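Below you'll find the structure, written out as structure tokens, and then a few comments.
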Amino acid sequence: MYPAAQATPTAPATEQAPPSAPDADAPIVTDPEFEQALPPLSNDINAPLEPMPAPVTTAQTPPLDATQTTPPGDVLTPVAAQEPELVNPLPPLGTFDTNPPVEVADIDDDKAVEIRYDTEVRGLDEIEVTALFNSLSALKDGDGKAANAAMISARGREDEALAVRLMKSRGYYDGTAISTIEQPPAAGKNGRIKAIVSATPGKVYTLSSVTITADPVTPPDLLRRELPLVVGDKIEADRVQGAEANLALKLPQQGYPFVALGQRDILLDDAKWTGDYTLPVDTGPRASFGTYSTEGKLAFDADHVGVLARFKQGELYDNRKVDDLRQALVATGLFSTVSVEPQRTGTPGPDGTEQVNLLVRQEAGPARSLAGSAGYSTGEGIKLEGSFTHRNIFRPEGALIGTIVAGTQEQGASGTFRRSNAGRRDRTVTLTASANHSSYDAFDAFTGTLSGRISYDSTPIWQKKFTYAYGFELTGTNESVYDFTTLQRERRTYGIFALPGQVLFDRSDSLLNPTKGYRLKLSLSPETSVSGGVKPYARVLVEGSIYQPVSDSIVLAGRIRAGTIPGIDRDDLAPSRRYYGGGGGSVRGYGYQRLGPFDPNGDPVGGRSLNEFSLEARYRFGNFGIVPFFDGGNAYEGIVPKGQDLRYGAGIGGRFYTNFGPLRVDVATPLNPREGDGKVALYISIGQAF
């Protein structure tokens with residue numbers, strides 16, 4: 001047993017009652033104390049809010065002094081001063097530098113995390129929009145790569161909306177689409193996930209009615225006839241928009257230049273899968289052609305605009321003829337910009353129409369131009385030609401052209417006055433004065449010419465089926481000629497008056513580079529030669545060519561030509577007016593003018609008849625082409641071209657196709673040469689051989 005503890009005596013203390021236990025239900029702060037602590041409130045609800053006292057902390061509360069009335073535990077210390085960067089206002093967004101730091105921008109993309117995926121589209125084949133969907137798809141545009149799965153999901157949601165739009169555009173207005181992502185279970189680290197867009201088109205909607213709200217028109221069925229929509233058609237966006245475009249196109253062609261289509265309305269019935277179509281149309285007045293007016297920097301006045309037009313006052317308005325007029329204005333080459341706009345006049349026209357004024361807004365462009373060309377061929381040598389043209393010095397469209405020719409075998413100068421669209425569309429009047437020196441194996445001539453010509457021509461914009469030209473020519477020429485009586489060359493002077501004419505029937509598809517069709521041309525020139533006597537004769541030349549495509553890149557081309565000069569002996573005919581064969585536009589492989597009769601010195605003397613043919617296979621790839629060819633022909637002393645003694649040449653050419661025609665380089669060799677003919681001939685020029 002332990003011994004009993006002994007009591008230890010202590011000092012006496014003051015006796016106190018033990019503290020009572022707190023009441024669990026008593027409030028910490030009584031209601032009267034809480035109400036008294038609240039700040040006074042104003043009865044004015046519009047009064048500004050009162051400032052709140054600055055918060056203080058209870059850390060390290062100082063002891064109360066005699067002036068303090070607040071217990072130390074209720075005193076808060078001021079908040080420490082904030083950093084200046086946190087107090088200052090944010091700078092404007094526009095001042096931020098959006099370029100990433102160099103160390104971020106230069107991250108190698110190959111090290112970035114990348115997810116590979118395949119895209120599958122379901123349900124769109126039956127409405128034939130899968131190809132269109134693929135061309136617009138966000139998933140397809142990602143090339144099967146994404147940074148993360150969230151990016152693939154976002155692209156899938158975009159494609160859901162795309163699929164719904166495409167289905168509606170085909171008339172499936174109840175169509176739905178959903179995108180899902182599948183991870184193949186067996187896919188390893190390098191496995192590809194699959195993004196699937198599934199579409200459900202549903203039922204197609206069709207038109208249950210077609211209504212056009214408009215004023216009466218002439219003829220009464222014009223609007224319905226030109227709006228190709230009928231009850232039962234699918235409500236397809238392309239079909240509806242195409243029908244409305246057709247209406248807007250055809251009405252201005254039939255007298256309604258001011259037509260305006262309103263906003264269509266299609267009321268769908270989802271119980272019957274149909275729609276009621278309504279289109280408001282403001283046709284404007286039925287109109288006819290009336291007057292012309294011009295404004296701006298003018299190249300010519302309104303009267304000449306009327307010359308270019310292919311319609312007369314009072315004809316029913318047709319905007320195709322207005323477009324044709326606009327193209328004719330552009331073809332003059334006199335404008336920087338030009339436009340034609342119909343305007344209402346309120347003036348009555350025939351058949352209850354309203355006359356329209358065509359306002360031509362002009363901005364005249366530079367009228368002066370310089371041009372140059374160069375060519376080379378065996379027999380002709382180098383030929384350089386430069387010209388200066390003022391296209392509108394004598395308004396309207398009166399041009400003055402100065403030309404200089406400098407070549408190894410031809411030199412000359414000429415001046416030409418040309419009036420385009422002279423009193424009639426595409427009719428051209430020219431007057432030319434020229435002086436020329438030509439030095440060839442066949443002859444050496446100093447020639448002066450005064451000529452005039454009226455022609456109805458094709459242009460690059462309007463290639464006509466039938467064209468013609470006629471005129472006069474007054475020529476004085478001094479030429480070297482071989483006299484078979486004296487057996488020597490001598491110089492003779494000839495005075496020649498000619499009335500040349502030409503007709504051309506053209507069914508080819510291009511002036512400079514035909515690929516199909518044919519051409520027939522007849523040239524006739526009654527002439528009189530004065531050299532020791534008056535000797536009338538005629539120069540006749542017939543030519544035909546044909547162009548037949550055999551594939552998208554190969555065209556077979558052929559040409560035949562025959563000529564005769566009846567009414568005069570060859571030796572009484574100036575050498576420059578005789579027929580010669582050979583050269584780049586004749587039988588290639590032979591020198592220029594070297595086919596035909598020769599004098600005892602081996603120089604060509606020309607003849608009174610000619611026959612030629614050419615065959616080409618034109619193969620084009622892009623802007624380049626290769627052309628193998630085979631030519632034949634000859635010139636003869638008599639007036640009837642013979643089918644015997646033909647000379648043949650063959651070769652190959654290169655073509656470089658430009659916007660103004662092909663650049664031609666041909667290399668040829670004679671197949672049955674005569675003594676003195678070269679082995680190879682080279683030809684460089686612009687345009688096809690025929």
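If you read the sequence from its start, that first residue is 1, and numbering goes on from there. Source: prediction; values computed, not measured. Worth knowing before you read on, the calculation uses all heavy atoms, side chains too, and leaves out hydrogens, waters and symmetry mates.
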Pairwise side-chain contact, Pro366 with Ser336, heavy-atom cut-off 4.5 Å (strictly under):
yes
Does the separation of the ring centres of Tyr256 and Phe258 fall below 6.0 angstrom?
no
State, without any angle test, whether Asp457 and Ser455 hold a side-chain donor-acceptor pair at a distance under 3.5 Å.
yes
Hey, is the main chain of Glu226 close enough, under 3.5 Å, to the side chain of Asn246 for a donor-acceptor pair?
yes
Do the rings of Phe300 and Phe335 sit parallel, tilted or perpendicular, given the 30° and 60° boundaries?
perpendicular
With distance as the sole test, does Thr408 use its side chain to make a donor-acceptor pair with the main-chain N or O of Ile382 at under 3.5 Å?
yes
Strictly by modelled atom types, are Glu410 and Tyr440 linked by a side-chain donor-acceptor pair under 3.5 Å?
yes
Side chains of Gln254 and Arg286: any donor to acceptor distance under 3.5 Å?
no
In chain order, what residues pass the ring-ring contact (aromatic ring centres under 6.0 Å, His included) check against Tyr468, with sequence neighbours excluded?
Tyr456
Closer than 3.5 angstrom, by distance alone: can the side chain of Arg427 be matched with the main-chain N or O of Ala422 as a donor-acceptor pair?
yes
Can you tell me if Glu612 and Ser586 form a side-chain donor-acceptor pair at under 3.5 Å?
yes
What pairs of residues pass the side-chain hydrogen bond (donor to acceptor under 3.5 Å, both in side chains) test when at least one of them lies in residues 358-370, not counting sequence neighbours?
Glu295-Arg361, Glu341-Arg361, Ser369-Arg391
Do Asp444 and Ser439 have a side chain donor and acceptor closer than 3.5 Å?
yes
Ring centroids only, cut at 6.0 angstrom: are Phe289 and Phe311 within range, meaning strictly under it?
yes
More than 12 foreign heavy atoms under 6.0 Å from CG of Leu663: is that the case here?
yes
Hey, are Asp506 and Gln463 close enough side-chain-wise for a donor-acceptor pair under 3.5 Å?
yes
Please identify which of these residues, Ile401, Thr403, Thr416, meets the side-chain contact (heavy atoms from CB on, under 4.5 Å) condition with Thr432.
Thr416
Indicate whether the side chain of Ser685 and that of Arg664 have a donor and an acceptor atom separated by less than 3.5 Å.
yes
Any donor-acceptor N or O pair under 3.5 Å, side chains Arg559, Ser614:
yes
Can you establish whether the number of heavy atoms outside Asp552 located under 6.0 Å from its atom CG is more than 12?
no
Do the ring planes of Phe656 and Phe624 sit parallel (below 30°), tilted (30 to 60°) or perpendicular (above 60°)?
tilted
Verify salt bridge (Lys or Arg N to Asp or Glu O under 4.0 Å) between Lys516 and Asp509, making sure each step is shown before the conclusion.
CA-CA 6 Å; Lys516 63 180 178 180; Asp509 62 341; 5.5 Å; no
